[in-house]
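Values below: every heavy atom of this structure, side chains too, minus hydrogens, waters and symmetry copies. To find a chain, count down the sequence lines: A is the first, B the second, and so on, and within it residues start at 1. Everything numeric here is computed off the predicted structure, so don't read it as measured data.
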There are 2 protein chains.
Amino acid sequence: MDKDRPNESWDIAQVPDLDRIDVGILRLLQNNARLSVKEIAAEIGLAPSTTHERVRRMRETGILWGTHVEVNPKALGIGLEALLMIELSKHNRGIVDQFLDDIVSVPEVRSAFLVSGRYDLVVHVVVHDTQHLKDLALDQFTIRPGVTRIETSIIFDARRRYELPVFRSLR
Amino acid sequence: MDKDRPNESWDIAQVPDLDRIDVGILRLLQNNARLSVKEIAAEIGLAPSTTHERVRRMRETGILWGTHVEVNPKALGIGLEALLMIELSKHNRGIVDQFLDDIVSVPEVRSAFLVSGRYDLVVHVVVHDTQHLKDLALDQFTIRPGVTRIETSIIFDARRRYELPVFRSLR
DNA sequence: TATGAAAAAACACGGCA
DNA sequence: TGCCGTGTTTTTTCATA
């Protein structure tokens, strides 16, 4: 199904070792996946062939997942983004999982989080304008069984980091 | 600074036209940026050179931004993710902008949204464990001037779409 | 938009510390 | 086992029609 994630469900104990060089490679590729092996090699001070082998291995072992281009949302007519904070009435596992699967197939949904706290679900959506946002909220979310309440938070500004930090010991 | 985003602040009126073929290319590349031009061309039924020229043009004109690899968080010792919902006391523009810039330099922060509604800020963080989350919340967020309250929402499950939808007329 | 040639990159493999 | 250099294949890039 998802060829980019061969080992998504691995237990942490089974995740292969990493060293500082691997982490350096990951750092570069997270910020710019179009770097050539040669450029990466120069940056970290290894031979291109060695660097290539490390990248290949990390893909193989499920450390590196897919790579994705980022598209300018404005170029697609996306003029507004929002977070929908959703409360559900029933917390039956099957229902919640199904809910997640359902909403992620809605084109306007960028990501969906099942969370603890005041809300049950936080959903990041992209739309054309406020009218579109209203229709989306009503037609795709409020209407669903199990949804008791939705709060809509317009996104005024956003920042993103592409590099994940490292919280484990390195070989 | 960010070479991948030559035209981030473009007005929508200045964004170049797209046609259905462009959208098809974008769809493929958002899901897998490692596809070769040849593979894309075969998929959409165009010559590789033509396809290549379209990709080049979309990069040039700021439709296509950067490309990033996705890393398995477990491989880095990331065992827990959370959303921090933050209330600020002051809504002075300069303070809020500075706040956003500051927190995005915290390694554990993956994204930060300035929003309307009950909270002012929603911050997605990645940590090793609950102890780490507690320390992060206290040391990096609760402590900052202007923060009046934080609600922490543990992320139990998440889904993501890589393809942005299109809400504009195509050439 | 397509063709074809040149340049560059990715990839496989054998040797070496 | 991990690193390096080389040869081969594939992809990218670009000039030209």
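One interatomic measurement links the two molecules: CE of A:Met58 to P of D:dG2, which rounds to 13 Å at whole-angstrom precision. Atom CD of A:Glu53 is separated from atom C1' of C:dA12 by 10 Å (rounded to the nearest Å). Between A:Asp22 atom CG and D:dG2 atom C1' there is a gap of 11 Å when expressed in whole angstrom units. Atom C1' of nucleotide D:dT1 and atom CG of A:Asp17 are separated by 13 Å, given to the nearest angstrom. Taking atom CD1 on B:Ile21 and atom C1' on C:dA2, their separation rounds to 14 Å, with Å as the unit. Rounded to whole Å, the distance from CZ on B:Arg57 to C1' on C:dT1 is 13 Å.
The shortest non-hydrogen separation linking B:Phe141 to B:Ile86 is CD2-CD1, 3.6 Å. Here the closest non-hydrogen pair linking A:His128 and A:Gly77 is ND1-O, 2.6 Å.
For B:Arg56 and B:Glu53, the salt-bridge test passes: some basic side-chain N is under 4.0 Å from an acidic carboxylate O. Here A:Asp120 does not pair with A:Arg149 in a salt bridge; the nearest charged N to carboxylate O distance is not below 4.0 Å.
A sub-4.0 Å separation between OP1 or OP2 of D:dC3 and a side-chain N or O of A:Arg54 is present.
B:Arg159 pairs by the side-chain contact (heavy atoms from CB on, under 4.5 Å) definition with A:Leu100, A:Asp101, A:Val104, B:Asp157, not counting sequence neighbours.
Checked against B:Leu121 for a side-chain contact (heavy atoms from CB on, under 4.5 Å), the options B:Ile150, B:Leu114, B:Leu84, B:Val147 give a single hit: B:Leu114.
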Base, backbone or nothing for each nucleotide of nucleotides 7-17 of chain D, written B, S, -, heavy atoms under 4.0 angstrom, 5' to 3'? ----SSB----
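As judged by a 4.0 angstrom heavy-atom cut-off over every strand, A:Arg171 is placed among residues touching the sugar-phosphate backbone only.
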